[in-house]
Amino acid sequence: MWARPGAARCRPSSRTPGRTSARRMRAGSRWFRRSIPPWRRWPPRKPKAHPIGESGMAEERLPSRSDNFAEWYNQLVLRSELADYAPVRGCMVIRPYGWALWENLQAALDSRFKATGVTNAAFPLLIPMSFLEREKQHVEGFAPELAVVTIGGGEKLEEPLVVRPTSETIIGHMWSKWIKSYRDLPLLLNQWNSVVRWEMRTKLFLRTMEFYWQEGHTAHAGPDEAEGRTRQMLDIYADFAENEAAVPVVRGQKSESEKFAGALRSYSIEAMMGDTRALQAGTSHNLGDNFARAFDIRYLDKENQLQYAWTTSWGLSTRFIGAIIMVHGDDQGLILPPRLAPHQVVVVPIHKSDDERALVMGALDRLADELRRFRVHVDTRDGLTPGFKFNDWEMRGVPVRLEIGPKDVAREQVMLARRDTPGKQGKLAVPFAALADGIQAMLDDIHTALFQRATDFRQAHTHTPSDYAEFRQVVEDGWADVWWCGRSACETEIKEDTRASTRCIPLDQPGGTGRCIHCGEPAEKRALFARAY
RNA sequence: CGGGGUGUAGCGCAGUUGGCAGCGCACCGCGUUUGGGACGCGGGGGUCGGCGGUUCAAGUCCGCCCACCCCGACCA
């Protein structure tokens, strides 16, 4: 593993089969070094305090969450085997455990999309450079972070191809061919894919150069329908976040400076991480007729008049996994929300002799029907003590642990332990006969408790400062909910001064008006300011 | 690009005045263990970042190069 710096991983070993390609990569890195400042490199940081400590003991404990949040996060992602660093700067490998989690997110979102009439499709990875240039704001927004293919098959390409940073343009191009009549609308598509954005500063799950997501794209006959769909998808994201991931979110509108490049309006769901920083966890954009004009997406309406279509796009990425980690995790490791966890229940059988083993495994066989409705993993690894397994699965965030040993079998019961409640308080003896109901109740309880805990935390760290001096204080360790004039200049000054930016203008407004927290000008809306990921 | 720092086993490190390249963890094998992070014995694993120099002898001294990390103008 080469999570930490070390020349070994950058230098092709003489035994490495892919020596030649490694050489080529190295030459490639020389090419982009001119434009990529060297102060931002991969992996993102060297761990300040190694989890082992000076004793040289086994890697047992994580860095404490309160002590060093960033390092706690990095170590946890690696050690829980959600992901690992890839050999290319800024890229990550999502490992089976992480991908299983993503698949559960996908399933929960996909069914919600389909329930509203959306169907899935796939558009290509490579997009002609000229497409990006069709929409002025769009190209200005994305130009700095494009990966561009200039050579194919050994020949210099006549027109460079960009690796999609998002697919509005190529979808717009196709739609101009497909959409002719009001009968073709609305057109509701989604695709699950990955996109590439050449990021300077990267962090596992939260910001990598390639990331997985879904991008939904819809076209409508009028602006109201487009706005309605934009808001509908935002609501779906909020519902998903709260009812599947137990992550409380604020729905709101992005400021001018924070909105999507090329959008009329952007909305987001914003979540508070365990260090009080904000994370944009999903976005929904009303693109107006901007892309329809750029790509000539027009249809004939009922009156035989040619009209531009109105489009939307909306996305949620593997970044959300980062949110789950940072919202729920604790010093012991991950705490995965029960409805998304790859394993909802992990079984740790306890036995000394072969006879005991047969006894315990036989009892588990008889419980198979009870357990079938949950995602259950039985940890049969030899040579590890139960204590080790308890800690291991706690680190990996499994919501419920089922312990079963000879004493339990004799009493026709198992011990259930809930991940969100440490120690004896979290343990409960449950009779065989009531196992399924007991587990279901515990999973539901955990979901509710996680959501409540996160909501309380957010509440405790969301402040309503009465003047700018106090504002500067509170954004050091929380969110500020304040009147804001809405001017970009004012927003920029605040950001430069405090590093806090507008996260959103919440849709739920108290009403009334006030004075801008910074400039004192009249303000009609309250905004959330926070330091963000 | 500027300032500061680091390169020795998969990871974390030690290596004295230059003298057989080591330790802990991880990994493999055997045995004893197993209800909250077990232990013993045995084993595999190195271009000491690279190239050149000084020397009988370089991980160690000298020169050049390379890579990476931290701090200062992007973002799902």
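Note on naming: letters A, B, ... go to the chains in the order of the sequence lines (proteins, then strands), and numbering restarts at 1 for each one.
Along RNA chain B, the nucleotide nearest A/Phe388 and the nucleotide nearest A/Tyr533 are compared for position; the residue whose nucleotide lies closer to the 5' end is A/Phe388.
Contact check on A/Arg65 versus A/Asp330 returns no salt bridge, with no Lys/Arg side-chain nitrogen under 4.0 Å from an Asp/Glu carboxylate oxygen.
Here the closest non-hydrogen pair linking A/Pro337 and A/His328 is CD-CD2, 4.1 Å.
Going from atom CZ of A/Arg396 over to atom C1' of B/G37 covers 16 Å, rounded to whole Å. For the pair A/Asn74 CG and B/C11 P, the interatomic distance rounds to 16 Å; values are reported in whole Å. To the nearest angstrom, C1' of B/A76 lies 12 Å from CZ of A/Phe320. At whole-Å resolution of the value, CZ in A/Arg499 and C1' in B/A73 are 15 Å apart. Atom pair A/Asp331:CG and B/G36:P shows a separation of 21 Å (rounding to whole Å applied). Taking atom CE of residue A/Met233 and atom C1' of nucleotide B/A76, one finds them 16 Å apart after rounding to whole Å. Counting to the nearest Å, the P atom of B/G10 and the CG atom of A/Asp84 are 15 Å from each other. Going from atom CG of A/Leu78 over to atom P of B/A26 covers 18 Å, rounded to whole Å.
Taking atom P in both B/G50 and B/U8, one finds a spacing of 10 Å when rounded to whole Å. A distance of about 14 Å separates the P atoms of B/G22 and B/U16, rounded to the whole Å. For the P atoms, the distance linking B/A58 with B/C11 amounts to 27 Å, nearest Å. Atom P of B/G59 sits at a distance of 29 Å from the matching atom of B/G42, rounded to the whole Å. Atom C1' of B/C62 sits at a distance of 37 Å from the matching atom of B/G44, rounded to the whole Å.
Here A/Leu206 lies in heavy-atom contact (under 4.0 Å) with a base. A/Lys427 comes within 4.0 angstrom of a nucleotide base, judged by non-hydrogen atoms across all strands. Nucleic acid contact class of A/Arg401 (heavy atoms, under 4.0 Å, all strands): base.
Among the nucleotides B/G36, B/G37, B/A76, the one closest to any side-chain atom of A/Asp392 is B/G37.
Under the ring pair (Phe, Tyr, Trp, His ring centres under 6.0 Å) criterion, A/Phe211 pairs with A/Trp213, not counting sequence neighbours. The ring pair (Phe, Tyr, Trp, His ring centres under 6.0 Å) check on A/Phe142 picks up A/His138, A/Phe260, with sequence neighbours excluded. Remark: A/His518 pairs with A/Tyr468 by the ring pair (Phe, Tyr, Trp, His ring centres under 6.0 Å) rule, at least two apart or across chains. Among residues two or more places apart in sequence or in another chain, the ring pair (Phe, Tyr, Trp, His ring centres under 6.0 Å) test is passed with A/Tyr237 by none. Applying the side-chain contact (heavy atoms from CB on, under 4.5 Å) rule to A/Ala281 yields the partners A/Ile269, A/Phe320; only residues at least two apart in sequence or on another chain are considered.
Across every strand in view, B/U55 sits unpaired, with no contact that passes the Watson-Crick or G-U test at under 3.5 angstrom. Nucleotide B/G72 forms a pair with B/C1, judged by Watson-Crick or G-U wobble geometry with both contacts under 3.5 Å. The partner of B/C41, taking Watson-Crick or G-U wobble pairs whose two distances both stay under 3.5 Å, is B/G29.
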Between the protein and nucleotides 30-35 of chain B, are there any N/O to N/O pairs under 3.5 Å, and if so, what are the atom names and distances?
residue: B/G35; atom: O6; partner: A/Gly405; partner atom: O; Å: 3.4
residue: B/G35; atom: O6; partner: A/Pro406; partner atom: N; Å: 3.1
residue: B/G35; atom: O6; partner: A/Lys407; partner atom: N; Å: 2.9
residue: B/G35; atom: N1; partner: A/Asp408; partner atom: OD2; Å: 2.5
residue: B/G35; atom: N2; partner: A/Asp408; partner atom: OD2; Å: 2.9

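Put simply, the side chain of A/Asn104 gets close to the backbone of A/Leu340: a donor and an acceptor are under 3.5 Å apart.
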